[in-house]
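Everything on this sheet refers to the single structure shown next.
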Amino acid sequence: MIKACIFDLDGTLANTLESMAYVANEILKSMNLKPQPVENFKYYSGEGADMLIRRCLKDAGDPELTHYEEVRRIYRKKFDEDPLYKVVPYEGIKEMLKELKKRGMKLAVCSNKPHVAAVKVIEKMFDGYFDLVIGQSDLIRRKPAPDGPLKAASEFGVSPSECMYVGDTKTDMETGTAAKMHTVGVLWGFRDREELESNGAEKVAEKPQDLLYICEEWKND
Ligand SMILES: O=C(O)COP(=O)(O)O
């Protein structure tokens, strides 16, 4: 029986690619480094802002990461100030969340996005939908460590086996598995089925509504 659903943010609840690309590319341009195509950010993101910057700098003409500390500092500041550039919820997400809430499910977000930015996105796009938002901070180990989802389960008073962890990347599937939760990979985000299935996805959802059926299936297991 599933009593709580824990969601990744970037690539799962909302398409945030342009927001990350915009902030990073403005900084790269100001340093005479090469701005990167928006699509590349599907692979730069997933393991937090610091990793995104490292991957991005390598492609932008700074393989030695000589600009890393400076770019990191500016990126974190600018991104906390404005993480919403062209961010849009995926189609069907709000309807699916409403239905889960109607069924009495507890809902949380667990993201490797910096905490301030994650809260801003959720407040702007999904106000009132979530009981808890956990973004990346010094207080918690980032995914794939299971700390965020386990904290959510404990705050909700449910066991990990009563939770469904939903995400779009290898990191997410590893996180849900490490937390001993049911894992669902989603195909509307940044990575493909192969990556999700080979890293522990118990089920794969093609559209948000599928999550409602998946919950039902586990209810009857
Ligand atoms: O910002 C990132 O690198 C990833 O964020 P996510 O955990 O919400 O996908």
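Whatever order the structure lists ligands and atoms in, that order sets their numbers, starting from 1. Worth saying up front: this structure is predicted, and the values here are computed from it rather than measured.
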Min N/O separation [X] to ligand 1 under 3.5 Å:
X: Met20; result: no
X: Gly46; result: yes
X: Asp168; result: no
X: Asp10; result: yes

Q) Can you list the ligand 1 atoms lying under 4.0 Å from a non-hydrogen atom of Leu9? A) 8 (O)

Q | CA sep, side-chain torsions, deciding dist, call: Asp168, Trp188, side chain to side chain contact (heavy atoms under 4.5 Å, CB included) | A | CA-CA 8 Å; Asp168 70 314; Trp188 55 85; over 6 Å; no

Q: For atom 8 (O) of ligand 1, find the nearest protein heavy atom and state the residue, atom name and distance (0.1 Å precision).
A: Ser111 OG, 2.6 Å

(Q) Could you identify the single nearest non-hydrogen protein atom to atom 6 (P) of ligand 1 and state the distance to 0.1 Å? (A) Asp8 OD1, 2.8 Å

Q) Is it true that the NZ or CZ of Arg55 lies under 6.0 Å from the centre of Tyr43's six-membered ring and within 45 degrees of the ring axis? A) no

Q) Is it the side chain, the backbone, both or neither of Glu47 that has a heavy atom closer than 4.0 Å to ligand 1? A) backbone

Q) Under 6.0 Å from the NZ atom of Lys180, do we count more than 12 heavy atoms belonging to anything else shown? A) no

Q) Is ligand 1 less than 4.0 angstrom away from at least one heavy atom of Gly48? A) yes

Q: Using distance alone, with no hydrogens and no angle criterion, decide if Glu202 and His182 have a side-chain donor and acceptor under 3.5 Å apart.
A: yes

Q) Given Asp59 and Tyr44, is the side chain to side chain donor-acceptor pair (under 3.5 Å) satisfied, shown in steps? A) CA-CA 10 Å; Asp59 287 355; Tyr44 298 156; 2.6 Å; yes

Q: Taking only Lys NZ, Arg NE, NH1 and NH2, and the carboxylate oxygens of Asp or Glu, determine whether Lys120 and Glu123 approach each other closer than 4.0 Å.
A: no

Q) In this structure, which one of Thr175, Asp8, Ile134 forms a side chain to side chain contact (heavy atoms under 4.5 Å, CB included) with Pro149? A) Thr175

